[in-house]
Amino acid sequence: MAMTSMDWSSAAACRGSEGSLFYSADSAERKEDRVERELLAKRICAGCGVREDCLRAALDRHETYGIWGGLNEFERRALTRVV
Ligand code: SF4
């Protein structure tokens with residue numbers, strides 16, 4: 001059965017997780033802290049059953065910040081340049 005628009009979000013592995021893992025809480029976040037934070041978030045994404053839906057939604061909405069579908073904003077931008 002196909003999921004509609006945002007139905008996938010109810011199956012998100014990140015539900016209940018710290019939002020601060022997926023978004024920087026501090027614009028002055030050190031690079032090392034960002035890398036570590038994003039690795040923790042991406043680990044959750046790696047086991048998420050709706051990862052493709054999440055990434056597609058983020059690409060469709062041109063999400064500017066955060067980890068979506070296991071990719072940060074720079075990785076998503078690079079992906080759209082390739083596709
Ligand atoms: S792919 Fe990551 S950000 Fe997207 S719903 Fe799953 S756990 Fe959350």
Side-chain angles (χ1 to χ4, degrees):
M1 180 171 76
M3 290 186 170
T4 60
S5 60
M6 292 291 283
D7 286 352
W8 57 266
S9 64
S10 62
C14 57
R15 280 174 71 97
S17 300
E18 288 283 329
S20 59
L21 274 185
F22 292 83
Y23 293 93
S24 173
D26 180 0
S27 61
E29 182 179 36
R30 292 183 322 142
K31 183 178 180 183
E32 303 78 28
D33 293 338
R34 178 188 175 103
V35 168
E36 187 175 333
R37 175 181 57 75
E38 288 189 347
L39 277 176
L40 292 172
K42 288 175 178 183
R43 256 186 230 153
I44 295 172
C45 294
C48 181
V50 292
R51 185 175 172 178
E52 287 182 26
D53 299 283
C54 176
L55 178 57
R56 188 174 308 114
L59 293 174
D60 288 348
R61 290 196 308 261
H62 305 285
E63 284 286 346
T64 312
Y65 300 107
I67 302 288
W68 290 80
L71 301 181
N72 67 26
E73 57 269 38
F74 304 109
E75 294 162 337
R76 290 195 304 276
R77 266 184 238 137
L79 184 65
T80 57
R81 282 195 295 268
V82 173
V83 178

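Counting starts at 1 for both ligands and their atoms, in listed order.
The cationic group of R61 lies under 6.0 Å from the six-membered ring centre of W68 and within 45° of the ring axis, placing it in a cation-pi geometry.
Residues T64 and E73 share a closest heavy-atom pair of O-CB, 3.1 Å.
Going from atom CD of E75 over to atom CD of E38 covers 6.5 Å, rounded to the nearest 0.5 Å. To the nearest 0.5 Å, atoms CZ (R37) and CD1 (I67) are separated by 6.5 Å. A distance of 6.5 Å separates CG in L71 from CZ in R51, rounded to the nearest 0.5 Å. Going from atom CG of D60 over to atom CG of L55 covers 9.5 Å, rounded to the nearest 0.5 Å.
With waters left out, the protein N, O or S atoms under 2.8 Å from atom 8 (Fe) of ligand 1 add up to 1.
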